[in-house]
Structure formats: C-alpha cells, structure tokens
Amino acid sequence: VFIGSTLVDVYAKCGNMLEAHQAFQSLQERDVVIWTAMISGYARQGQGEMALELYVQMQQSGIKPDNATFLCILRACSSIGALGMCIMVHHDLSRSRAKLSVEVATALVRAYSKCGNMAAAQQIFDALPHHDLVSWNTLLAAYAQQGDCQAGLCCFEQMQQEGTNPDAVSFVSVLTACSHAGMVDEGLYYFELMHRKYGIPATVQHYTSLVDLLGRAGLLHKVEELLADVAMPLD
RNA sequence: GGCGUCGAA
C-alpha cells in the first residue's frame, strides 16, 4: 500500500495527474492520505473541479477528511475562486465539530479572500484565539492584493501591536499596498523600517514594488538613488 | 507516505 501511495504522490507532485490517476485506480485500498495526495495534486494544478470531485467521492466511500485534506481542498477553492465550494467546505468543517487549527483557519481566510469575500475572511481571522506570522501574512496579502491598502496597513500595524514581528513576506505585501495606492512617502518609510528595525534584507520583490511606486510617481531620481548601490557591482 | 502566507516552478 505504501509503495503504491508513494507512486501516486510522486506523480501528483510532478503535476502528472494522468499517471497519478492511473496509479490511484490500481490501488485496492485507499486511505485518507492517498486521497489527499490526489486532491493536493489537482489543487496545485489549478484543477479545482477535479479536486472537488475526489473530495466528494472520498466521503462517499466512507473516508473522513482530516486537517491535511481540508488544507488541500481549500487550496483548490482558492485557485479557482469558487465561493460556493468554499462555503461548502466551511460547512463540512463546522459539521466536524473539531476546533479549527490555525493552519486550517488560515487556509479558509485565504480561500474566502481569493473568492472575493473579505468580510468572511476577516471574520474567520478574528475568531482565531491566536494569530501567528503566517495567518497575519495571509490577511495582509489579501488586503494588499484587493488594493485595500488602508486595511492592509492597518493590519500590519495591528500585527506588530499584538507582538508578531513581520518578515520579508509581510513587507512584500506592505510595499504592494503602498505601490497600489501611490503612497510614496509611506513606501519609502516601510522600506527603511524593514532594514532598520527588523534587519530584513531587501529582495528583488521589495525593490520591484518600490521602483514601480517611485517610477509611476515620476520620481526617477529617487529610483536611480535607490538602485545605485545595487547596480554598482554589476558594472 | 499527503500539509497553512507573498513569490517561484
């Protein structure tokens, strides 16, 4: 069973869902892990409908989804933006009566936000007893990507107040939000803060956001200034 | 053996 399962997972991880499906069909015993590996494969390929189909079949065959299954099916909801599917999975989670883990709640936050329901995303986030770095980053990225920079920056301040230090991923979202809103001073401020207060080295993503922000504001001299140190070694 | 955030593939 483990060898066949490993085979399914290897194909699924490579995105070869045709081969994965064949290997999956040839198994006589299918446990929750192997069903979930298939769902995960479809979800990562953006084949949300297939993921959902397997999720339903799995339960029909008497296998109960566990935490990992929920994470994978929620990834599928996110990737195709299927709000109805997201709500259905949310119901399944409530029905299971288990307390939401921070991982599953975070996946729900992401799924609702990708389906365009920020109110539901925020509500699930608020109901969490404890917010960790990843859950903060998820909410922050959601607001930044929706272009709600005010909510995003608010979220960023709140996370610090509640004692979670932002990381490089957090700052990508913050700079994205500033860039989206054309907030030059704020963008420069947060870029500085990242290095000075948190000692986080800037990545290409951070530079890209900031250059975009400065460029669209017509501040080309600032762009040159910013890139001078970076470009020097390339000359 | 399947496993939550930006990005990447």
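In what follows, chains are A, B, ... by sequence order, proteins preceding strands, each numbered from 1.
- If you check every strand for non-hydrogen atoms under 4.0 Å, A:S170 touches nothing.
- At a threshold of 4.0 angstrom between heavy atoms, the contacts of A:V32 include nucleobase atoms, whether or not backbone atoms are also involved.
- Annotation for A:Q150: atom CD does not count as buried by contact number, only 12 or fewer foreign heavy atoms lying within 6.0 Å.
- Among B:rG7, B:rU5, B:rC3, the nucleotide with an atom closest to any side-chain atom of A:Q145 is B:rG7.
- Taking the centre of each ring, A:Y112 and A:H90 come in below the 6.0 Å mark.
- The backbone N or O of A:Q160 lies less than 3.5 Å from no partner atom in the side chain of A:T164, so there is not a single donor-acceptor pair.
- A:F24 is linked by a ring pair (Phe, Tyr, Trp, His ring centres under 6.0 Å) to A:W35, counting only residues two or more places apart in sequence or in another chain.
- Backbone-only contact: A:T138 has heavy atoms under 4.0 Å from sugar-phosphate atoms and none from a base.
- Atom CD in A:E29 sits roughly 17 Å away from atom C1' in B:rG2 (whole-Å rounding).
- A:A37 comes within contact range of the sugar-phosphate backbone alone, with a heavy-atom separation under 4.0 Å but no base atom that close.
- One can place CG of A:D167 at 12 Å from P of B:rC6, the figure rounded to the nearest angstrom.
- An OP1 or OP2 oxygen of B:rG2 is reached within less than 4.0 angstrom by no side-chain nitrogen or oxygen of A:R44.
- For A:I39 and B:rG1, the CD1 to P distance is 19 Å, given to the nearest whole Å.
- For A:D132 against B:rG4, a side-chain N or O and a base N or O form a donor-acceptor pair under 3.5 Å.
- Between A:W35 atom CH2 and B:rC3 atom C1' the separation is 19 Å, expressed in whole Å.
- Which of B:rG1, B:rC3, B:rU5 sits closest to the side chain of A:D9 comes down to B:rG1.
- Rounded to whole Å, the distance from CD1 on A:I3 to P on B:rG1 is 14 Å.
- When each of B:rU5, B:rC3, B:rG4 is scored by its nearest atom to the side-chain atoms of A:E103, the top-ranked nucleotide is B:rG4.
- Side-chain contact, A:Y55 with A:D92: a donor N or O sits under 3.5 Å from an acceptor N or O.
- The side chain of A:R75 contributes an N or O atom lying less than 4.0 Å from OP1 or OP2 of B:rG4.
- B:rG4 atom C1' lies 15 Å from atom CD1 of A:I73, rounded to whole Å.
- Residue A:K13 places at least one side-chain N or O closer than 4.0 Å to OP1 or OP2 of B:rC3.
- Rounded to an integer number of Å, the gap from CG of A:L133 to P of B:rU5 is 12 Å.
- Out of B:rC3, B:rG2, B:rU5, the shortest distance to the side chain of A:V33 is found at B:rG2.
- A:L139 has its CG atom 13 Å from the C1' atom of B:rC6, to the nearest Å.
- Residue A:S101 is classed as having no contact, given no heavy-atom separation below 4.0 Å to the nucleic acid.
- Across all strands, A:V102 comes closer than 4.0 Å to base atoms (heavy-atom distances).
- Expressed to the nearest 0.5 Å, how far CG of A:L139 lies from OG1 of A:T106 amounts to 9.5 Å.
- The base of B:rG2 does not come close enough to the side chain of A:D31 for any donor and acceptor atom to sit less than 3.5 Å apart.
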